[in-house]
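Reading through the structure tokens given below for one structure.
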Amino acid sequence: MNHCFRTRVLAIVTKIPRGRTLTYHEVAERAGSPGAYRAVGNVLNKNFDPKIPCHRVIRSDGTFGGYNRGARAKAQLLASEKRG
DNA sequence: GAGCTGACATGTT
DNA sequence: CAACATGCCAGCT
């Protein structure tokens, strides 16, 4: 929260409730820099922490985008969570 | 300390 | 409508 941009992004993504998806732009905005959506993806990419549901972060277009564990898994998880 | 990289977004062709 | 090119920001090497 009071640390670098990456710490805030991770905290925000961790707070994303199940069945809910945020866009990189949304996360960046909550992080304090709506124009840093680029950095958001950069942070999540390096972040291999399973404690962080980075798969709940999608592109503004509504597409899944990418995922360090595999874009396929990301789509699977989102589909599974959306269905409940 | 400077430069390169990238899971994006927006605009134009 | 789809593809290409440019701009933006923070992190990593």
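Lettering of chains follows the sequences in order, A, B, ..., and the numbering in each one begins at 1. The shown structure was predicted, so the numbers you read here are calculated from the model rather than taken from an experiment.
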Could you go through A:Tyr24 and A:Arg59, starting from their C-alpha distance and side-chain angles, then the distance that decides it, and tell me whether this counts as side chain to side chain contact (heavy atoms under 4.5 Å, CB included)? CA-CA 6 Å; A:Tyr24 295 95; A:Arg59 285 182 43 155; 3.7 Å; yes

Could you state the atom-to-atom distance from [atom1] of [X] to [atom2] of [N] in whole Å?
X: A:Glu26; N: B:dA7; atom1: CD; atom2: C1'; answer: 17 Å
X: A:Arg8; N: C:dG11; atom1: CZ; atom2: C1'; answer: 14 Å
X: A:His25; N: C:dC9; atom1: NE2; atom2: C1'; answer: 12 Å
X: A:Glu29; N: C:dC8; atom1: CD; atom2: C1'; answer: 15 Å
X: A:Ile16; N: B:dA7; atom1: CD1; atom2: C1'; answer: 13 Å
X: A:Asp61; N: B:dT10; atom1: CG; atom2: C1'; answer: 10 Å
X: A:Arg30; N: C:dC9; atom1: CZ; atom2: P; answer: 21 Å

Straight-line distance of [X] [atom1] to [Y] [atom2], nearest 0.5 Å:
X: A:Thr21; Y: A:Lys74; atom1: OG1; atom2: NZ; value: 9.5 Å
X: A:Tyr37; Y: A:Asn42; atom1: OH; atom2: CG; value: 13.5 Å
X: A:Asn45; Y: A:Asn68; atom1: CG; atom2: CG; value: 6.5 Å

Among [options], which nucleotide has an atom closest to any side-chain atom of [X]?
X: A:Ala39; options: B:dA7, C:dC9, B:dA9; value: C:dC9
X: A:Ser60; options: C:dG11, B:dA7, B:dA9; value: B:dA9
X: A:Arg6; options: C:dG11, B:dA7, C:dG7; value: C:dG11
X: A:Ser33; options: B:dA7, B:dT10, C:dA10; value: C:dA10

Do NZ/NE/NH1/NH2 and the carboxylate oxygens of A:Arg20 and A:Glu81 come within less than 4.0 Å? no

Does the distance from a Lys or Arg side-chain N to an Asp or Glu carboxylate O, for A:Lys51 and A:Asp49, drop under 4.0 Å? no

Could you state whether A:Ile58 and A:Val13 fall into the same hydrophobic cluster, counting links through intermediate Ile, Leu, Val, Met, Phe, Trp or Tyr residues with side-chain heavy atoms under 4.5 angstrom apart? no

Let's test your reading of the model: under 3.5 Å, does the base of C:dG11 pair with the side chain of A:Asn42 as donor and acceptor? no

Go through the N and O atoms of the side chain of A:Tyr24 and the base of B:dA7, and report whether any donor-acceptor pair is under 3.5 Å.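 Check passes, donor-acceptor contact within cut-off.
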
Once you apply a heavy-atom cut-off of 4.0 Å, does A:Gly65 come out as touching a base, just sugar-phosphate, or nothing? nothing

Using a cut-off of strictly less than 4.0 Å, decide whether A:Arg59 has a side-chain nitrogen or oxygen near OP1 or OP2 of B:dA9.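 Answer is yes, contact under 4.0 Å.
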
Nucleic acid contacts - residues 45-53 of chain A versus DNA chain B, non-hydrogen atoms under 4.0 Å: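 Within this stretch, A:Asn45 sit under 4.0 Å of the strand.
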
A:Val40 or A:Tyr37, whichever maps to the more 5' nucleotide of DNA chain C: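 Result of the comparison: A:Tyr37.
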
